[in-house]
**Student:** 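There's a structure below that I have some questions on.
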Amino acid sequence: MKKLLRPTYISGKLDPNYRRRQLLEVCLVIGVIALLLLAILNLFLFDALDLATLDAVGASIAASLWYLLKKRHLIELVSWLFTLMIGLLITTFLSLAAGNNNGYLWTALFPPFAFFLLGKNKGLWVTVVFFSIFTLQLYDTIFVQQAPHLTLGAFLNTIEVFVISILLYRFYEKTRTEANQLLHEQSIRLDKMAKTDKLTQLFNRQYLDSTLFSLYKERRSLPISILLLDVDLFKRINDEYGHLFGDEVLIKLAQRLSESVRGYDVVGRWGGEEFLIIAPNTSHLDAVELAERIRKRLNIKVNDAVTTSVSIGVSSTDRVKSPEELISQADRALYQAKSNGRNRVQSFVSAVESESRKVNNTV
Ligand SMILES: Nc1nc2c(ncn2[C@@H]2O[C@H](COP(=O)(O)OP(=O)(O)OP(=O)(O)O)[C@@H](O)[C@H]2O)c(=O)[nH]1
């Protein structure tokens, strides 16, 4: 019941509800227009008030379903009501028309709607129930009411077509759902690959760039801070223990790094042995504190001879005019941290102060 009343919103063409919604919308709009026209014809041309009333009721039901679909986004509920409505329409028509025409051909329309709108399992059960009712009606028409043009052969042929169409439509629906599912999983996998750095499994530079740009655009009163982090003397580790060992160290550092940040921080590999942390809604002081905590946690004893250390440059958006400037300030701070002896955090603000102090002393 909860699922029936849960609104679902329109997303891209990969959304399994996209085409269901389209089919329902088209059918309901056509239904409202056709039923209103029939009501007018029945009232003014054929003087049949009872049929005109029936048409008007049908048009109101179709319009209400359209409202539930378009304005309330209740696609599950509308799918069920629409399928049941079609089933009722056909059974009512069959019992009115009896065997006077080939009206039972309308039953062929039921499975495509039921399977497409309700899925392979619910569609199967609903179709079986309605086909059983149609079969009983047909039996009554042929053998009880002795319809003139229908024979035992017609009855058997119809049942055979019922069974085959149930099997075929279920097969098509299964194929369609599986293909959709596969596409969906592939698009998730591709999306992940496009964002991820292969070695460390952190976000890659492209993703960091685009995230920083969009966060910068949407920033509010609180600043965004970034931490640019570089592993110290990493070349020595590579030279002494080999590139593969260097890779393992990078993976270990990346793991520790992602464990050290808060859930809303974005961590990625900026390139080589450099990492970037984007800390949204974080003041410069808080970012420096965060950097200090990270620096301590990344002092990892990799083997008896090697303990890693990192240098970190910190900058914040309250002092910049663009994301590029934010990066360049963090880069300058990082450079200072390296020049001041490595294994330290350098805020851009104090980096500038110490640079200007140096200039003043020289003058
Ligand atoms: N194993 C491994 N090494 C890498 C990777 N990317 C970059 N490097 C190495 O990282 C080293 C970076 O060295 P440098 O830029 O000289 O800096 P450093 O030795 O870390 O010294 P400082 O930055 O000044 O502390 C180079 O030897 C690169 O080859 C990688 O994916 N795997």
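Both ligands and their constituent atoms are indexed starting at 1 by order of listing. FYI, the numbering just counts along the sequence from 1.
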**Student:** Quick check on contacts: which atoms of ligand 1 are under 4.0 angstrom from a heavy atom of R269?
**Tutor:**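 Those qualifying, in numeric order: 5 (C), 6 (N), 30 (C), 31 (O).
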**Student:** What I want to find out is whether R20 reaches E76 closely enough, with some N-O distance under 4.0 Å, to be called a salt bridge.
**Tutor:**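 Between E76 and R20 there is a salt bridge, with a charged N closer than 4.0 Å to a carboxylate O.
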**Student:** Considering only the protein, which heavy-atom contact is closest to atom 10 (O) of ligand 1, and what is its distance?
**Tutor:**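 Its nearest protein heavy-atom neighbour is F234 CD2, 3.2 Å.
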**Student:** Return the option from G242, G272, S309, A337 holding the heavy atom at the smallest distance from atom 6 (N) of ligand 1.
**Tutor:**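 The nearest heavy atom belongs to G272.
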**Student:** Quick one: pull up CD in E25 and CD1 in I75 and give me the separation to the nearest 0.5 Å.
**Tutor:**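 Taking CD in E25 and CD1 in I75, the distance rounds to 8.5 Å.
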**Student:** How would you list, by chain and number, every residue that makes a side chain to side chain contact (heavy atoms under 4.5 Å, CB included) with R344, sequence neighbours excluded?
**Tutor:**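 Result, side chain to side chain contact (heavy atoms under 4.5 Å, CB included) vs R344: A337, N340.
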**Student:** Could you tell me the residue and atom name of the protein heavy atom closest to atom 24 (O) of ligand 1, and the distance to it rounded to 0.1 Å?
**Tutor:**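 The answer is R342 NH2, 3.0 Å.
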**Student:** In terms of residue, atom name and distance, what is the protein heavy atom nearest to atom 17 (O) of ligand 1?
**Tutor:**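 Result for atom 17 (O) of ligand 1: E273 OE2, 3.6 Å.
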**Student:** Which residue holds the protein heavy atom closest to atom 32 (N) of ligand 1, what is that atom called, and what is the gap in Å?
**Tutor:**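 The closest one turns out to be D247 OD1, 2.7 Å.
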**Student:** Where is the nearest protein heavy atom to atom 22 (P) of ligand 1: which residue, which atom, and how far?
**Tutor:**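 For atom 22 (P) of ligand 1, the nearest protein heavy atom comes out as K338 NZ, 3.5 Å.
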**Student:** Checking side-chain contact (heavy atoms from CB on, under 4.5 Å) against I33, which of L37, L36, L35 comes through?
**Tutor:**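 The residue from L37, L36, L35 that satisfies side-chain contact (heavy atoms from CB on, under 4.5 Å) with I33 turns out to be L37.
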**Student:** With heavy atoms of G246 as the reference, note each atom of ligand 1 found under 4.0 Å away.
**Tutor:**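 Per the distance check, 1 (N).
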**Student:** Considering only protein heavy atoms, which is closest to atom 9 (C) of ligand 1, and at what distance to one decimal place?
**Tutor:**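 Its nearest protein heavy-atom neighbour is N238 ND2, 3.3 Å.
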**Student:** For atom 13 (O) of ligand 1, what's the nearest protein heavy-atom neighbour? Residue, atom name and distance, please.
**Tutor:**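 In this structure, atom 13 (O) of ligand 1 has K235 CB, 3.7 Å as its nearest protein heavy atom.
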**Student:** Can you list the ligand 1 atoms lying under 4.0 Å from a non-hydrogen atom of D230?
**Tutor:**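 Answer, ordered by atom number: 23 (O).
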**Student:** Hey, does the Lys NZ or Arg CZ of R219 hover above the aromatic six-ring of Y216, less than 6.0 Å from the centre and inside 45° of the axis?
**Tutor:**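 Yes, R219 lies over the aromatic ring of Y216.
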**Student:** Is it the side chain (CB and beyond), the backbone, both or neither of L244 that lies under 4.0 Å from ligand 1, heavy atoms counted?
**Tutor:**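 The answer is neither; L244 stays 4.0 Å or more away.
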**Student:** Going by side-chain hydrogen bond (donor to acceptor under 3.5 Å, both in side chains), E178 matches just one of Q181, K174, R176. Which one?
**Tutor:**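 Considering Q181, K174, R176, a side-chain hydrogen bond (donor to acceptor under 3.5 Å, both in side chains) with E178 is found only for K174.
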**Student:** Run the ring pair (Phe, Tyr, Trp, His ring centres under 6.0 Å) test against F116 and tell me which residues pass, sequence neighbours left out.
**Tutor:**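 Once residues adjacent in sequence are excluded, F116 has no partner under the ring pair (Phe, Tyr, Trp, His ring centres under 6.0 Å) criterion.
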**Student:** Within the 4.0 Å heavy-atom shell around L250, which atoms of ligand 1 are there?
**Tutor:**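 Reading through ligand 1 atom by atom, the close ones are 30 (C), 31 (O), 32 (N).
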**Student:** Is it true that R295 and E292 have a side-chain N and a carboxylate O under 4.0 angstrom from each other?
**Tutor:**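 Between E292 and R295 there is a salt bridge, with a charged N closer than 4.0 Å to a carboxylate O.
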**Student:** If the cut-off is 4.0 Å to any non-hydrogen atom of L233, which atoms of ligand 1 fall inside it?
**Tutor:**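 Matching atoms, with element in brackets: 18 (P), 19 (O), 20 (O), 21 (O), 22 (P), 25 (O).
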**Student:** Say whether R269 and N204, considering side chains only, have a donor N or O and an acceptor N or O under 3.5 Å apart.
**Tutor:**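 No pair is found: no donor N or O on one side chain lies under 3.5 Å from an acceptor on the other.
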